[in-house]
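What follows is a single structure, written as structure tokens, with notes after it.
Residue indices begin at 1 and follow the sequence shown. Values below: every heavy atom of this structure, side chains too, minus hydrogens, waters and symmetry copies.
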Amino acid sequence: MWSNVFEKPYLKREGATQAELDRLVRTWNEKLSTQEIAEIAERQTNPFPANHPLHAQYKPFDPSDLPQKKLPDSSWTFCAIRTAGSFKPGSAIFNFSARRN
């Protein structure tokens, strides 16, 4: 299918199984562990140099307060693509994840 759209396939892979997709739907928005929160907080740095006007206004993101909302079912439609890989139409490269039957 993708060969009709893109001029060059770089890598083709099998997609995720239905069980793997079901697990993703159930777990993608679980609350972060204490270790995950600490890792995210530790990596954050002020992107503005000390002499930049926005340096003093920078506030690190608080990873402990992420909402556990459900995505609409329509958001998962893209995950149902059955062929995956990296494809190039001209100068851009597209990477697709896929679902195995």
Any pair with a residue in residues 49-67 that passes salt bridge (charged side-chain N to carboxylate O under 4.0 Å, His left out), sequence neighbours left out, goes on the list, sorted by first then second residue, please. none
Among Arg43, Glu36, Gln44, find the one that has a side chain to side chain contact (heavy atoms under 4.5 Å, CB included) with Pro63. Gln44
Sequence neighbours excluded, the answer for salt bridge (charged side-chain N to carboxylate O under 4.0 Å, His left out) partners of Lys70 is Asp73
Does CD in Gln68 sit with more than 12 non-hydrogen atoms of other residues, nucleotides or ligands closer than 6.0 Å? yes
Sorted by first residue and then second, give each ring-ring contact (aromatic ring centres under 6.0 Å, His included) pair with at least one member in residues 33-52; sequence neighbours left out. Phe48-His52
Drop me the distance from Thr34's OG1 to Glu39's CD, to the nearest 0.5 angstrom. 11.0 Å
In Å, rounded to the nearest 0.5 Å, how long is the span from CD of Glu42 to CD1 of Ile37? 13.5 Å
Shortest non-hydrogen contact from Phe61 toward Leu66: CZ-CD2, 3.3 Å
Taking Asn46 for the side chain and Tyr58 for the main chain, is one N or O donor matched with an acceptor at less than 3.5 Å? no
